[in-house]
Protein chains: 2
Amino acid sequence: MSEIPASEQAQLDAARDEFVAQWGAMGSSWGINRTMAQIHALLMITPRPLSTDEVMEELKISRGNAHMNLRDLVGWGLVRSVIRKGERKEFFEAERDVWKMFCTIVRERKRREIEPAIAVLKGCVDRVEGLESPEAKAFSEQTQALCEFMETADAVLSRVARSDESVVLPWALKYLAK
Amino acid sequence: MSEIPASEQAQLDAARDEFVAQWGAMGSSWGINRTMAQIHALLMITPRPLSTDEVMEELKISRGNAHMNLRDLVGWGLVRSVIRKGERKEFFEAERDVWKMFCTIVRERKRREIEPAIAVLKGCVDRVEGLESPEAKAFSEQTQALCEFMETADAVLSRVARSDESVVLPWALKYLAK
DNA sequence: CGGAACTTTCAGTAAGTATTGAAAGCTCTG
DNA sequence: CAGAGCTTTCAATACTTACTGAAAGTTCCG
């Protein structure tokens, strides 16, 4: 049996806590709720599935909170639930491949945010069709430019996130990075 | 003098309000404060610089709020202030070129969010260097993968946002979009 | 210098979001 | 079909973030 000094364990625990806290803070600034980001962080760095109770315990959060955010993460496709045979409890495990994670996030944000935005912009463009005042012209031009931009972004992201390409992607991007 | 029927004006106003409201809502979901996004929207679709008072009036917000958010927008480089000769008031005008806007946002988010994130991740990697337990190994591998990912993203975005390329960019991306 | 015109700050408050904890719902098993 | 074990929901509440409005600060001009 190999030795794992208590001090090393403490050092690791501290690093893990730091990571979870920071990932949570980052989430906030990207419009993602702190707890959700923390749970995600915790699952990413834990090499085995965790139960709701373990998540509650680690992060000192309530059952309701843990439950809801785990569900959301599953909804995003970033976490999957695992049922062990013979156990009634549900366990959760995060996708650990960063490129797959990236593709998943791109795909979801595209669906949840970019596509609706395009619809809204198109609506705005339509509403002023045919108006002749200079103000109307300015409005129409700007909304149309934004709309085209979003459509291009949408198309580019579709290509980038095409799941069967997630193996090539790191390679391609690293090349792009020069 | 050309005719601009009141109904057309009303139609335009409604469309403008809709656009401002929706852009504000979009901002929220991207972690940007609603008012800031609304001011940005308003300035984008107004073909002349506006004063703080005009912004307050249009959006029905307080002076303090208008002021702070205008400052933030200037800080992001999305809005510039214009001083007309002979006038003491300050006016504000948004960048209208969507590709320049895009580059500005990329550059700022990179600086404010990606770079600090890389620093944090590096810190986490360092803290567990040399630890041997399997848990430590898992942690170290995951943080390292995230760190490399962020560095690649950082490099790619640097290239994309290089300001002198903002003319080629639309072309390049439209090509990428297939 | 006095004060008009405008900008900036910030304590207090309002509005919006996230969290808790307890109750209600399932589902399996004896 | 009773109840243990686990999940789900949600009203109440805590926390966070954004906004207001008034006061203080700056700049310019006669």
Side-chain angles (χ1 to χ4, degrees), chain A residues 20-43 49-76 78-93 112-113, chain B residues 20-43 49-76 78-93 112-113:
Chain A
V20 168
Q22 295 284 0
W23 198 257
M26 286 189 46
S28 293
S29 78
W30 277 86
I32 287 151
N33 123 12
R34 187 199 310 292
T35 305
M36 189 165 134
Q38 290 182 164
I39 297 179
H40 183 219
L42 175 63
L43 292 176
L50 296 182
S51 67
T52 303
D53 294 74
E54 286 170 306
V55 171
M56 288 165 59
E57 167 58 23
E58 284 279 354
L59 303 179
K60 307 288 181 235
I61 59 177
S62 72
R63 178 172 307 282
N65 197 8
H67 174 79
M68 296 288 229
N69 282 297
L70 280 165
R71 284 275 153 269
D72 281 356
L73 283 165
V74 171
W76 272 77
L78 292 168
V79 165
R80 49 185 164 276
S81 88
V82 179
I83 4 110
R84 295 194 195 144
K85 57 184 176 181
E87 288 227 56
R88 288 176 69 181
K89 242 198 288 266
E90 201 175 5
F91 290 78
F92 299 89
E93 175 180 64
R112 297 175 189 217
E113 284 146 21
Chain B
V20 168
Q22 296 283 359
W23 198 257
M26 284 188 48
S28 293
S29 77
W30 277 84
I32 287 152
N33 122 11
R34 189 200 308 293
T35 306
M36 188 166 135
Q38 289 182 167
I39 297 180
H40 183 220
L42 175 64
L43 292 176
L50 296 181
S51 67
T52 303
D53 295 75
E54 287 170 306
V55 171
M56 289 165 61
E57 166 60 22
E58 285 277 355
L59 303 179
K60 308 288 181 233
I61 58 177
S62 73
R63 179 172 307 281
N65 196 8
H67 175 79
M68 297 288 229
N69 282 296
L70 279 165
R71 283 277 153 266
D72 281 356
L73 283 165
V74 171
W76 272 77
L78 292 169
V79 164
R80 50 186 161 274
S81 87
V82 179
I83 4 111
R84 295 192 196 147
K85 57 182 175 184
E87 288 225 57
R88 287 175 69 181
K89 241 198 289 270
E90 201 176 4
F91 291 78
F92 299 89
E93 175 180 64
R112 298 175 187 217
E113 284 146 21

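Note: hydrogens, waters and symmetry copies are ignored here, and every other heavy atom, side chains too, is used. The structure presented is a predicted model; accordingly, all values stated were derived computationally and were not measured. Just so it is clear: chains get the letters A, B, ... in the order the sequence lines come, proteins before strands, and each one is counted from 1.
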Task: Bounds of contact between DNA chain D and chain A, in 5' to 3' order, using a heavy-atom cut-off under 4.0 Å - done: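 Here the contact window of chain A covers D/dA4 to D/dC10.
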
Residue list, side-chain hydrogen bond (donor to acceptor under 3.5 Å, both in side chains) with [X], at least two apart or on another chain:
X	answer
A/S81	A/E90
B/N65	B/N69
B/T35	none

TODO: Identify, with sequence neighbours excluded, every residue that meets salt bridge (charged side-chain N to carboxylate O under 4.0 Å, His left out) alongside A/R34.
DONE: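 Testing A/R34 for salt bridge (charged side-chain N to carboxylate O under 4.0 Å, His left out), a comparison that skips the adjacent residues, returns none.
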
[X]: which residues meet the side chain to side chain contact (heavy atoms under 4.5 Å, CB included) condition with it, sequence neighbours left out?
X	answer
A/E113	A/R109, B/S29, B/W30
B/E54	B/R48, B/L50, B/S51, B/F91
B/M68	none

Open item on the list: Which residues in residues 65-75 of chain B have a heavy atom closer than 4.0 Å to any atom of DNA chain D?
Closed with: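 Hits under 4.0 Å, by residue number: B/N65, B/N69.
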
TODO: Give me the residues of residues 51-59 of chain B where at least one heavy atom lies under 4.0 Å from an atom of DNA chain D, by number, or none.
DONE: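 Hits under 4.0 Å, by residue number: none.
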
Kindly give the heavy-atom pair with the smallest separation between [X] and [Y], and that separation in Å.
X	Y	answer
B/A37	B/W23	O-CD1, 3.2 Å
B/D53	B/K89	OD1-CD, 4.3 Å
A/P49	A/E93	CG-OE2, 3.9 Å

Open item on the list: Quick check on contacts: within residues 31-41 of chain A, what sits under 4.0 Å from DNA chain C by heavy-atom distance?
Closed with: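 By residue number: A/N33, A/T35.
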
Task: Close side-chain approach of A/L43 and A/L70, heavy atoms under 4.5 Å - done: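 Yes - at least one pair of side-chain heavy atoms lies under 4.5 Å apart.
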
Open item on the list: Quick check: do A/W76 and A/M36 have side-chain heavy atoms less than 4.5 Å from each other?
Closed with: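 Answer yes - side chains close enough.
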
I'd like a list of close polar pairs between nucleotides 24-27 of chain C and the protein, N/O only, cut-off under 3.5 Å.
from, atom 1, to, atom 2, distance (Å)
C/dT27, O2, A/R88, NH2, 2.9

